[in-house]
Asks: 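Below: one structure in structure tokens.
Naming: A, B, ... by sequence-line order, numbering from 1 per chain.
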Amino acid sequence: MTKGERAYYVTTPIYYISGEPHVGHVYTTVVADVLARTARTFQPTFFLTGTDEHGQKVANAAAAAGKTPQQWCDELVPRWKALFAGYHVQYDDFIRTTEKRHIVKVQRVFEQLRERGDVYLGKYEGWYCVNDETFWLASKLVDGCCPTCGREVEWISEDDWFFRLSAYRDRLIEHFRRFPAWVQPRSVYNEMMAILEEGLEDLSISRTNFDWGVPIPGDGGVIYVWLDALLNYITAIGWSEDEARFRTYWPASTQLIGKEIARFHTIIWPAILWALGEAAPELVFAHGWITIDGQKMSKSLGNAIDPFALKERFGADSMRYFLLREAPFGSDFSYSEEKIAQRHNGDLANDLGNLLQRTLSMVGRYRGGVVPAGRPGASDFAQTFAGLPMTVRARILDLRFREALEEIWRLVTALNRAIDERKPWVLQKEGRSAELDALLYDLCEGLRWLAVLLHPVMPERTRNMWRQLGDPGAIDADWSSTLARWGGLEAGTRTAIGASLFPRIELLAAEP
RNA sequence: GGCUCGGUAGCUCAGUGGUAGAGCAGGGGACUCAUAAGCCCUUGGUCGUAGGUUCAAGUCCUACCCGAGCCA
């Protein structure tokens with residue numbers, strides 16, 4: 001099935017709310033938003049994000065704060081929603097795993113799998129890390145502590161429900177071989193394949209040592225938080241409830257994850273789906289870490305960045321641009337305020353913002369602020385950039401954001417170059433008004449294209465551009481109408497030059 | 001201990017057998033509509049190291065070094 005024939009469904013992981021959000025959460029969510037906003041310009045689209053609220057870690061955090069887990073979650077969720085709103089994220093649904101619509105379906109999944117025999121009762125004994133919600137073999141422990149987080153592990157001995165993961169190993173291997181691009185980047189694919197080739201054990205999916213979770217139907221204990229969490233991707237779109245809706249969106253087009261949760265999403269998740277008789281997602285893409293001076297960002301290192309403060313300092317759209325432009329998606333991402341400022345000043349203020357300003361200034365000065373009639377059919381730009389929208393769309397949906405932006409910047413550069421080469425101030429002085437009209441028209445039309453093409457990446461600033469260009473229609477309409485041809489901007493449109501689109505940011509001098 | 005990915009210009013990266021590229025930074029120039037922005041020209045790399053295969057290797061093979069990660 002090719003893209004365009006059915007709906008585009010993109011998901012972020014649901015975020016575990018054991019604390020405040022950080023910039024890594026913004027990264028994943030913004031990327032999903034750009035995918036969704038792009039997809040919406042040509043096909044039905046659904047973008048899901050949300051919060052993962054069960055598990056012992058949340059229960060402990062709540063207890064430490066003197067609150068019930070539900071209170072704790074209810075107070076934190078608005079922080080996440082405010083953050084995403086602040087970064088102009090436009091999700092279609094925000095699911096919380098404590099919602100009834102989710103819980104009843106998780107229980108239904110459990111019952112179905114138990115009826116099928118894919119869930120069975122067994123005995124589990126072993127070491128368990130509360131922080132990571134993970135069981136460890138004794139051989140993996142480091143000085144008796146969790147090899148991942150270094151905290152003490154607990155000895156657990158209980159009758160557990162198991163998911164028959166091992167039964168899906170062959171099918172997983174076959175799936176990986178048949179669809180070598182279904183897990184990206186390649187390094188993650190290889191690592192998951194290595195895990196599969198080593199062999200799989202059945203997965204314990206029940207917990208009895210705490211009760212903050214989805215109750216197991218007809219038994220004590222709660223369902224393993226990871227099973228609970230993964231199911232959000234289908235419970236939110238009507239699985240077992242609204243068949244037509246569910247079939248519209250599933251299987252997901254793109255599931256974004258951090259690489260630390262690749263195993264859950266590329267091994268356990270497809271196996272569960274198959275056990276339910278559903279298809280695996282089309283693409284799972286694991287992005288890299290955000291690093292600071294090469295160091296992983298984490299709360300324990302004390303170098304986590306407050307995304308609210310970053311937004312205030314640089315602006316949400318500049319941050320969005322930076323996150324997509326700076327590193328190839330999938331690679332680790334080295335962050336610094338200097339780099340953000342460099343991108344903001346160099347690409348956004350100098351190239352794009354200044355282009356808008358110099359253009360509208362000349363339209364104001366030479367043509368009273370009204371877009372003149374040009375000759376778009378005869379424009380060099382029409383020919384050169386006819387294929388740009390399709391190229392940009394393809395690059396974005398392929399998650400090659402950096403390349404997409406580089407393509408768009410070819411137009412920015414071409415417009416800036418045209419001004420310098422054709423010298424509108426000379427055309428004006430010499431009274432060559434037809435040439436001047438044609439040039440000014442092309443510049444405005446080019447800026448209109450840029451606003452449309454960049455709108456998924458910088459929704460707020462491009463709306464500002466749009467207003468300055470005279471508000472020529474719907475900026476987020478289907479590209480097959482807005483960018484159908486060079487010449488969509490109507491002559492006579494009254495422009496409204498405003499304040500600088502991206503005022504330059506001066507970094508404070510470094511301390512000696 | 002096994003495995004994976006990466007190591008290309010000061011920086012961030014592209015380049016999957018056929019004369020080393022882009023952007024930024026650095027240097028020079030012409031202009032003035034513009035956020036002292038933009039435009040033009042330009043300096044700069046023995047492509048981690050050592051071997052090997054090939055008429056030809058950044059690109060394939062082997063070993064090693066460095067970085068990140070996965071598994072044990």
Side-chain angles (χ1 to χ4, degrees), chain A residues 136-142 147-148 183-201 258-264 266-267 286-291 293-296 318 322-336 338-367 395 400-403 405-410 412-429 436 439-440 443-444 447 461 468 497-506:
Chain A
W136 297 105
L137 296 173
S139 61
K140 290 194 67 176
L141 300 179
V142 177
T148 302
V183 176
Q184 292 186 50
R186 190 71 194 176
S187 54
V188 172
Y189 172 95
N190 288 341
E191 281 169 2
M192 295 306 114
M193 198 56 168
I195 290 173
L196 287 173
E197 277 163 358
E198 278 168 23
L200 293 178
E201 290 183 7
K259 60 188 179 183
E260 73 281 3
I261 53 176
R263 176 212 277 264
F264 294 100
T266 66
I267 293 177
H287 67 250
W289 314 109
I290 296 183
T291 65
D293 302 325
Q295 266 198 318
K296 197 194 291 187
S318 289
F322 172 77
L323 291 171
L324 294 179
R325 176 63 182 80
E326 184 66 14
F329 193 64
S331 303
D332 282 354
F333 190 111
S334 175
Y335 148 99
S336 77
E338 197 183 340
K339 284 179 178 170
I340 300 171
Q342 231 170 51
R343 283 291 170 199
H344 173 94
N345 288 340
D347 297 355
L348 301 180
N350 295 353
D351 292 348
L352 180 61
N354 185 51
L355 172 63
L356 177 70
Q357 191 143 330
R358 66 197 300 211
T359 297
L360 293 187
S361 163
M362 289 187 286
V363 170
R365 184 182 298 230
Y366 305 144
R367 291 295 180 262
R395 294 282 186 281
R400 288 149 65 183
F401 305 107
R402 184 192 174 101
E403 292 173 35
L405 289 167
E406 281 170 355
E407 290 292 334
I408 293 172
W409 245 253
R410 289 178 49 226
V412 174
T413 300
L415 294 170
N416 269 319
R417 183 183 297 135
I419 296 176
D420 284 270
E421 284 178 350
R422 300 200 226 161
K423 302 181 175 46
W425 48 93
V426 171
L427 299 179
Q428 167 70 6
K429 194 182 296 178
L436 182 56
L439 175 57
L440 292 177
L443 293 173
C444 292
L447 282 161
R461 290 286 80 192
Q468 296 197 39
I497 190 166
S500 294
L501 198 59
F502 298 100
R504 290 177 59 84
I505 293 170
E506 302 306 333

Asks: Do the side chains of A:Met362 and A:Ile419 get nearer than 4.5 Å, heavy atoms only?
Replies: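 Answer yes - side chains close enough.
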
Asks: What's A:Leu501 touching, base or sugar-phosphate or nothing? Going by heavy atoms closer than 4.0 Å.
Replies: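 Here A:Leu501 touches the bases of the nucleic acid.
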
Asks: Across the strands shown, which category fits A:Glu198 at heavy-atom distances under 4.0 angstrom: base, sugar-phosphate, nothing?
Replies: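 Sugar-phosphate contact only - A:Glu198 comes under 4.0 Å of backbone atoms but never of a base.
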
Asks: Classify A:Ser500 by what it touches in the nucleic acid, base, sugar-phosphate, or nothing, heavy-atom distance under 4.0 Å.
Replies: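 Touches a base.
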
Asks: In whole Å, measure the gap between the C1' atoms of B:G10 and B:G44 for me.
Replies: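 Pairwise C1' distance, B:G10 against B:G44, rounds to 9 Å.
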
Asks: For atom C1', what is the distance between B:C61 and B:G67, given to the nearest Å?
Replies: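 Approximately 23 Å lies between the C1' atom of B:C61 and that of B:G67.
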
Asks: Salt bridge (charged side-chain N to carboxylate O under 4.0 Å, His left out): which pairs involve residues 354-366 of chain A, sequence neighbours left out?
Replies: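 Pairs touching residues 354-366 of chain A that pass the test: A:Arg358-A:Asp420.
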
Asks: Counting the atoms with a prime plus P, OP1 and OP2 as sugar-phosphate, which does A:Pro328 contact under 4.0 Å by heavy atoms, base, sugar-phosphate, or nothing?
Replies: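 Here A:Pro328 touches the backbone only, sparing every base.
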
Asks: What is the distance from CG of A:Asp332 to P of B:C11, rounded to the nearest Å?
Replies: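 From A:Asp332 CG to B:C11 P: 18 Å.
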
Asks: Which one is paired to B:U4, where only Watson-Crick or G-U wobble pairs with both distances under 3.5 angstrom count?
Replies: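 Answer to the pairing question: B:A68, which forms a Watson-Crick or G-U pair with B:U4.
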
Asks: Mind checking who B:A50 pairs with, Watson-Crick or G-U wobble, both distances under 3.5 Å?
Replies: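 Check on B:A50: paired to B:U62, both distances under 3.5 Å.
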
Asks: Could you give all pairs that pass the side chain to side chain donor-acceptor pair (under 3.5 Å) test and reach residues 340-350 of chain A, with sequence neighbours left out?
Replies: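 Qualifying pairs, neighbours excluded: A:Ser318-A:His344, A:Tyr321-A:Asp347, A:Glu326-A:Arg343, A:Arg343-A:Asp347, A:Asn350-A:Arg504.
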
Asks: When the P atoms of B:C55 and B:C64 are compared, how many Å lie between them, rounded to an integer?
Replies: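 The same atom, P, in both gives a distance of 28 Å.
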
Asks: Using a cut-off of under 3.5 Å, enumerate the N/O to N/O pairs linking the protein to nucleotides 21-31 of chain B.
Replies:
none

Asks: In Å, rounded to the nearest 0.5 Å, how long is the span from CD1 of A:Ile261 to OG1 of A:Thr266?
Replies: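 Answer rounded to 0.5 Å: 10.5 Å.
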
Asks: Measuring from A:Arg422:CZ to A:Leu440:CG, what's the distance to the nearest 0.5 Å?
Replies: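 So the gap between those two atoms works out to 10.5 Å.
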
Asks: Nearest 0.5 angstrom please: A:Arg325 CZ to A:Phe322 CZ, how far?
Replies: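 Separation between the atoms: 11.0 Å.
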
Asks: Taking atom C1' in both B:U12 and B:C71, compute the distance separating them and give it to the nearest angstrom.
Replies: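 Each nucleotide's C1' atom is 31 Å from the other's.
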
Asks: Identify whether any heavy atom of A:Glu326 sits under 4.0 Å from a base atom; if not, whether one sits that close to sugar-phosphate; answer base, sugar-phosphate or nothing.
Replies: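 Touches sugar-phosphate only.
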
Asks: Would you find a donor on one side and an acceptor on the other, under 3.5 Å apart, between the side chain of A:Glu403 and the backbone of A:Arg395?
Replies: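 No; zero donor-acceptor contacts below 3.5 Å.
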
Asks: To the nearest 0.5 Å, what is the distance between CG (A:Leu356) and CG (A:Leu415)?
Replies: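 Rounded to the nearest 0.5 Å, the CG-CG separation comes to 11.0 Å.
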
Asks: Rounded off to whole Å, could you give me the CG-to-P distance for the A:Leu447 and B:U35 pair?
Replies: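 So the CG-P distance, A:Leu447 to B:U35, works out to 15 Å.
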
Asks: What's A:Tyr189 touching, base or sugar-phosphate or nothing? Going by heavy atoms closer than 4.0 Å.
Replies: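 The residue A:Tyr189 makes no contact with any strand.
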
Asks: Take the protein atom CG of A:Leu440 and the nucleotide atom C1' of B:A34, then report the distance between them rounded to whole Å.
Replies: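 Result: 13 Å.
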
Asks: Can you pull every protein N or O that's under 3.5 Å from an N or O on nucleotides 3-7 of chain B?
Replies:
unit_1, atom_1, unit_2, atom_2, d
B:U4, O3', A:Asn190, ND2, 3.0
B:C5, OP1, A:Asn190, ND2, 3.4

Asks: Got a second to check how far A:Leu355's CG is from A:Leu447's CG, nearest 0.5 Å?
Replies: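 Atom-to-atom, A:Leu355:CG and A:Leu447:CG are 4.5 Å apart.
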
Asks: Any side-chain heavy-atom pair from A:Leu323 and A:Tyr335 closer than 4.5 angstrom?
Replies: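 Heavy-atom side-chain distance check fails, nothing below 4.5 Å.
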
Asks: Just the atom pairs and distances: protein N or O near nucleotides 40-42 of chain B's N or O, under 3.5 Å.
Replies:
unit_1, atom_1, unit_2, atom_2, d
B:C40, OP1, A:Arg417, NE, 2.7
B:C40, OP1, A:Arg417, NH2, 3.3

Asks: Please give the nucleotide sitting opposite B:A37 as a Watson-Crick or G-U wobble pair, both distances under 3.5 Å, or none.
Replies: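 Partner of B:A37: none found under 3.5 Å.
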
Asks: Mind checking who B:G26 pairs with, Watson-Crick or G-U wobble, both distances under 3.5 Å?
Replies: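 The base-pairing partner of B:G26, which may sit in any strand shown, is B:U42.
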
Asks: For the C1' atoms, the ones on B:G15 and on B:C47, what distance do you get once it is rounded to whole angstrom?
Replies: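 Per the computed distance, 10 Å lies between those C1' atoms.
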
Asks: Report the residues that fulfil ring pair (Phe, Tyr, Trp, His ring centres under 6.0 Å) with A:Phe329, sequence neighbours left out, ordered by chain and then residue number.
Replies: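 Applying ring pair (Phe, Tyr, Trp, His ring centres under 6.0 Å) to A:Phe329 gives A:Tyr27, A:Phe285, A:His287, A:Phe401.
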
Asks: List the atom of A:Ala418, the atom of A:Leu439, and the distance in Å for their closest heavy-atom pair.
Replies: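 Scanning both residues, the minimum pair turns out to be CB-CD1, 4.3 Å.
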
Asks: Write down the distance separating the P atoms in B:G58 and B:A20, rounded off to the nearest Å.
Replies: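 One P to the other, the span is 8 Å.
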
Asks: B:A37, B:G38, B:U12: which one has an atom nearest the side-chain heavy atoms of A:Arg358?
Replies: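 So the nucleotide nearest the side chain must be B:G38.
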
Asks: Looking at side-chain heavy atoms only, is the closest gap between A:Leu360 and A:Leu443 below 4.5 Å?
Replies: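 A side-chain contact is absent here, since even the closest heavy-atom pair is not under 4.5 Å.
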
Asks: For nucleotides B:G2 and B:G21, find the distance between their C1' atoms and express it as a whole number of Å.
Replies: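 These two C1' atoms come out 37 Å apart once rounded.
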
Asks: Please give the distance between the C1' atoms of B:G51 and B:C40 as a whole number of Å.
Replies: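 Rounded to whole Å, the distance is 46 Å.
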
Asks: Once you apply the 3.5 Å cut-off to both distances, tell me the Watson-Crick or G-U wobble partner of B:G17, or none.
Replies: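 By the stated definition (distances under 3.5 Å), nothing pairs with B:G17.
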
